[in-house]
There are 2 protein chains.
Amino acid sequence: MQAYLSAVTVDRHDPTPIYRQIANILREKILSGEYRPRQVLPSEKQLMQEHEVARATDLHAIEALREEGLVYTLPQRGTYVSPRD
Amino acid sequence: MQAYLSAVTVDRHDPTPIYRQIANILREKILSGEYRPRQVLPSEKQLMQEHEVARATDLHAIEALREEGLVYTLPQRGTYVSPRD
DNA sequence: GCGAATTTGTACGTATGTATC
DNA sequence: AGATACATACGTACAAATTCG
């Protein structure tokens, strides 16, 4: 019932901003190796549909991860997991 | 001056979302028989130019009609009027 | 078979207005 | 007031498949 490490889905009752929840979910998948370095992340549209949020919201999440250096975005291509050094 | 049945052009002052206005216009043409079953609709590019909107907007309109079951799209071919029954 | 044009598919960037918390 | 979220809209770019000459 309860998330033991971090949520795997967005929880609307959680006071954590949704874009942060999504960023947390994606970060978890990156650090756990589910998304590997240089691999492309799901598109914003896929993230939208998967988490049932507006595009601006998952865009916000991706921006957060970009600021952390976890991912990088190639315009018109997609967002990729940053290589580890 | 006033639309008597449904608009034939997009009205920027109408609060109805533009994609819905375009969907309404296309639906009218389908139901009136101007576009016949199995006939291909104007391409997204043509609709863009005709209504002076962005492609994403008439794509949105087509998606709405697809959800209604009025049309179906063949990739790289075009969007067609659904046959009756 | 080839190449160009056409058309849809996909993706990101940006902006505005509104509503809610 | 400010942050967050959503809906709508426009613009741009490139990919992929089809069509046609």
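Here the structure is a predicted model, which means the values were calculated and not measured. Chain naming here is simple, since letters A, B, ... match the order of the sequence lines and numbering starts at 1 in each.
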Tell me whether A/Leu59 shares a hydrophobic cluster with A/Tyr19, the cluster being built from Ile, Leu, Val, Met, Phe, Trp, Tyr side chains joined at under 4.5 Å. no

Hey, can you pull the donor-acceptor pairs under 3.5 Å for the side chains in residues 45-54 of chain B, sequence neighbours left out?
residue: B/Gln46; atom: OE1; partner: B/Ser43; partner atom: N; Å: 2.9
residue: B/His51; atom: ND1; partner: B/Leu47; partner atom: O; Å: 3.3

Just how far, in rounded Å, is C1' of C/dT8 from CZ of B/Arg66? 9 Å

Taking atom C1' of C/dT7 as reference, at what distance in whole Å does atom OH of B/Tyr72 sit? 16 Å

Do you reckon B/Leu65 sits in the same ILVMFWY cluster as B/Tyr35, going by side-chain contacts under 4.5 Å, direct or chained? yes

For the pair made of CG in B/Asp58 and C1' in D/dT8, what is the distance, rounded to whole Å? 14 Å

Rounded to whole Å, the CE-C1' distance (B/Met48 to D/dA13) equals 13 Å

What's B/Arg20 touching, base or sugar-phosphate or nothing? Going by heavy atoms closer than 4.0 Å. nothing

Separation of atom CD in A/Glu63 from atom C1' in C/dT14, rounded to whole Å: 11 Å

Tell me whether the side-chain N or O atoms of B/Gln76 pair up with the base of D/dT18 as donor and acceptor below 3.5 Å, since no angle test is needed here. no

Looking at D/dA9, I'd like to know if its phosphate oxygens (OP1 or OP2) sit under 4.0 Å from a side-chain N or O belonging to B/Thr57. no

What integer distance in Å separates A/Glu52:CD from D/dA7:P? 11 Å

Rounded to whole Å, the CG-P distance (A/Leu59 to D/dC6) equals 13 Å

Does B/Arg77 place a side-chain N or O at less than 4.0 Å from the phosphate oxygens OP1/OP2 of C/dT8? no

Close approaches to DNA chain D from residues 34-41 of chain B, in residue order (heavy atom, under 4.0 Å): none

Tell me whether the count of non-hydrogen atoms from other residues, nucleotides or ligands lying under 6.0 Å of CZ in B/Arg66 goes above 12. yes

Nearest-Å distance for atom pair CD/C1', residues A/Glu44 and C/dT14: 11 Å

A/Tyr19 side chain N/O closer than 4.0 Å to the phosphate oxygens (OP1, OP2) of D/dA5? no

Out of C/dG9, C/dC12, D/dA5, which nucleotide sits closest to the side chain of B/Thr73? C/dG9

